[in-house]
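Note that the structure is a prediction, hence the values are computed from the model and not measured. In this chain, numbering begins with 1 at the start of the sequence shown.
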Amino acid sequence: MNSKGTFPLKIIFFCLLLNVSCNGPAEKKSPQKLALENIISGKELSKKHCQRCHLYPEPPELDTKTWERSVLPLMGRLFGVYEAEVPRSKILEGAINRKSVEKLHMFPEKPGISSEDWQKIKAYYLAEAPVTLDQTIWDENKITHLEGFEMVEPEENGKLHNITFLKTDSNHKGIFVGSASGERGSLAILNSDNKISQMIPLPSAPTDIAFGKDELSITLAGSLRLSLGKNKFGDLITLFRNPGELQYSSFRKFLSQLNRPVQTVFEDINGNGLTDILVAEFGYYTGALTLFENTGNPEQPYKKTTLKNVAGAIHTDVQDMNGDGKKDIITLFSQGDEGISIFYNEGEGQFTEERILRFPPTYGSVSFDLVDFNQDGHLDILYGNGDNGDYPPISKPYHGLRIFENDGENNFKQVYFFPMNGVNKCAAADFDQDGQLEIVAVAYFPDFGLTQRQDFVYLKQEAPYIYTPKILEAKLDARWITFEIGDIDLDGDLDLLLGSNGKYYSKPPTSAEIKKPKGPLLILKNQMKRK
């Protein structure tokens, strides 16, 4: 929808009054011609200034209200243009690492653009943006209910809090549930009977876990939700238990001063037989993707290498992407310059980055999965974008799930798109054991104004890149934020765990069909048998 209001034109005419030439008589131009020239100038200026750090954001990617009230003010701050009610000092109070932000001159003390040019850029975006964006409406005739799974709610579900991650491990035979309650966090360990065997309080919200024989490595976010002057750094800690015991009874802090870390990967990346540590710090203004190489030297056990010193590292994987026998690092970055990079392992701690996919800063990249969809021996990419938490959420027709096919040389081409507003996680797996991959996704920012729920989807593959969408028949008062795939009941097939963080917020009148779970965890046990 491209209808425009009158407010942007008022801005244009106001800017024209400020730009009257004082250098002698000027050509008399009609208001229409003056407005057109100002829009063209604003476009040229936006092309010059607004793609230095990321892909150029086109005006139709957001509605006028979001541009005016949220995004343009944020953009202005990066040029040193501040609103009267939000001075530079107040912005710096919101940083996790204020010293780094000031050192990087992220928010200049003096404007880096003239007031005239900035007004022209603003006028251009407001004049060219639509009043509203198109909604993502699923075709109800093509949607069916998910079958073949038994819905199970753990008996002690009510003891769990808002979920931040879910993990299973075949050796530990249980479910590990990370939760947050206010500024504090917790880790619940469920045994094979889905009962809580231990509840461990944590100083902040956990975002990831890695398993050792008698230890658990926990990634702690620090401040999950940010506030002025009160933001905490994140940590990486290790929980220990004595051999033969079930309970974890001690801990050690391994890393600190982390900028909202969201994932930690333990992998022998340098090939010396020792486990290295890869940390993705999503951060806020500052963040990083950092490798800690295990040297085997007790005096200096880890060598720190910052692979990329930017905020937004949200998910990472380790695979040999070019077949040279060395493990490469694949990472999705959000927060402005969005995209997926391969850090090719050159050996001896050296890596070369290649941006294989790049997305506009409005996309809200959140998730990817490396899978071989076409079974040609090369890893393809399942990608999800739906983060909508930087400003009041709006429906975006470009939110959803995409498959990028690998040509064998790590050139990726989009071959599939499924629209899904507010996607937060996606993954592919063969649930029915027919040799084809299904896709699962959840949305934390769905369009709550729709009568049709669009916060969970199971895409059943019918043919290459042709899928039938299936949804849950039961309408649950749960706001899904994550899921985990694993053989929960150890019967040889893959089950599905769903985790919620908060209640489902529905604008239409609440229906009697809404079911209220006792807690935030739901288990979908796979009942399908191999044909």
Side-chain angles (χ1 to χ4, degrees), residues 142-154 165-177 190-194 211 315 317-320 330 367-384 400-406 415-418 420 423-443 455-474 476 480 482-499 521-531:
K142 297 180 180 179
I143 305 290
T144 60
H145 288 141
L146 179 64
E147 298 178 342
F149 290 87
E150 177 190 1
M151 190 179 297
V152 177
E153 186 177 353
F165 78 80
L166 292 169
K167 276 288 182 74
T168 61
D169 179 73
S170 57
N171 294 323
H172 286 71
K173 297 181 178 62
I175 302 172
F176 294 78
V177 183
L190 278 62
N191 59 26
S192 57
D193 295 325
N194 298 327
F211 304 99
H315 184 70
D317 199 350
V318 176
Q319 300 283 345
D320 180 4
I330 308 90
S367 179
F368 79 95
D369 195 14
L370 291 174
V371 283
D372 185 2
F373 278 100
N374 57 0
Q375 300 180 9
D376 65 349
H378 304 289
L379 291 172
D380 309 304
I381 294 175
L382 171 65
Y383 161 83
L401 310 171
R402 291 171 171 81
I403 296 175
F404 294 94
E405 190 175 78
N406 189 342
V415 294
Y416 178 77
F417 172 67
F418 180 80
M420 187 176 186
V423 172
N424 200 64
K425 184 176 181 180
C426 60
D430 184 5
F431 289 94
D432 55 11
Q433 301 182 36
D434 65 351
Q436 299 185 107
L437 294 171
E438 285 75 52
I439 296 172
V440 175
V442 294
D455 57 331
F456 168 90
V457 72
Y458 174 101
L459 297 175
K460 165 63 180 169
Q461 186 175 171
E462 307 295 349
Y465 308 130
I466 298 176
Y467 296 86
T468 298
K470 299 177 181 292
I471 62 175
L472 296 175
E473 183 174 8
L476 301 171
W480 308 123
T482 190
F483 63 85
E484 171 76 346
I485 297 171
D487 186 4
I488 307 300
D489 50 13
L490 304 177
D491 65 350
D493 54 23
L494 294 174
D495 307 300
L496 186 61
L497 295 170
L498 295 178
L521 177 61
L522 182 66
I523 302 172
L524 299 179
K525 285 192 175 183
N526 193 340
Q527 302 296 307
M528 293 180 283
K529 301 298 180 183
R530 190 170 185 175
K531 298 180 180 179

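At a cut-off of 3.5 Å, with distance as the only test, no side-chain donor of Asp430 or Gln436 sits close to an acceptor on the other residue. A side-chain N or O of Glu405 and one of Tyr465 form a donor-acceptor pair less than 3.5 Å apart.
Exactly one of Leu496, Ile175, Leu498, Asp489 qualifies for a side chain to side chain contact (heavy atoms under 4.5 Å, CB included) with Ile523. That residue is Ile175. Of the options Asp432, Thr468, Thr144, a side chain to side chain donor-acceptor pair (under 3.5 Å) to Lys460 is made by Asp432 and by none of the others.
Between Leu524 and Met151 the shortest side-chain heavy-atom distance falls below 4.5 Å. In this structure, the side chains of Leu497 and Phe483 stay at 4.5 Å or more apart for every pair of heavy atoms. You'll find the side chain of Leu146 stays beyond 4.5 Å of the side chain of Ile471, heavy atoms only. Side-chain atoms of Glu438 and Leu459, non-hydrogen and from C-beta on, never get closer than 4.5 Å to each other. Looking at heavy atoms from C-beta onward, Leu521 lies in side-chain contact with Leu166 at the 4.5 angstrom threshold. No side-chain heavy atom of Ile403 sits less than 4.5 Å from a side-chain heavy atom of Ile381. Put simply, the side chain of Asp493 reaches to within 4.5 Å of the side chain of Gln433, judged on heavy atoms.
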For this session: Apply the test side-chain contact (heavy atoms from CB on, under 4.5 Å) to residues Leu401 and Ile439: give CA-CA distance (whole Å), side-chain angles for both, the deciding distance (0.1 Å), then the verdict.
Result: CA-CA 9 Å; Leu401 310 171; Ile439 296 172; 4.1 Å; yes
Problem set entry | Audit row: Tyr467, Tyr416, ring pair (Phe, Tyr, Trp, His ring centres under 6.0 Å) steps and yes/no | CA-CA 10 Å; Tyr467 296 86; Tyr416 178 77; 4.9 Å; yes
Problem set entry | Steps toward side-chain contact (heavy atoms from CB on, under 4.5 Å) verdict (Leu472, Phe456) | CA-CA 7 Å; Leu472 296 175; Phe456 168 90; 3.6 Å; yes
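For Phe418, the ring pair (Phe, Tyr, Trp, His ring centres under 6.0 Å) criterion is met by Trp138, not counting sequence neighbours. Every residue two or more places apart in sequence or in another chain was checked for a salt bridge (Lys or Arg N to Asp or Glu O under 4.0 Å) with Glu484, and none qualifies. Taking Tyr383 as the reference, Phe359 meet the ring pair (Phe, Tyr, Trp, His ring centres under 6.0 Å) condition, with sequence neighbours excluded. Qualifying ring pair (Phe, Tyr, Trp, His ring centres under 6.0 Å) partners for His378, counting only residues two or more places apart in sequence or in other chains: none. When the side-chain contact (heavy atoms from CB on, under 4.5 Å) test is applied to Ile330, the partners found at least two apart in sequence or on another chain are Gln319, Met321, Ile340, Ile342, Phe368, Leu370.
Within a 6.0 Å radius of CD in Gln527, other residues, nucleotides and ligands contribute more than 12 heavy atoms.
Counting only residues at least two apart or in different chains, salt bridge (charged side-chain N to carboxylate O under 4.0 Å, His left out) contacts with residues 368-383 are absent.
In this structure, Phe211 has its ring center closer than 6.0 angstrom to the ring center of Phe176.
Between Phe149 and Phe431, the ring planes lie perpendicular to each other; the angle is over 60°, past the 30° to 60° tilted range.
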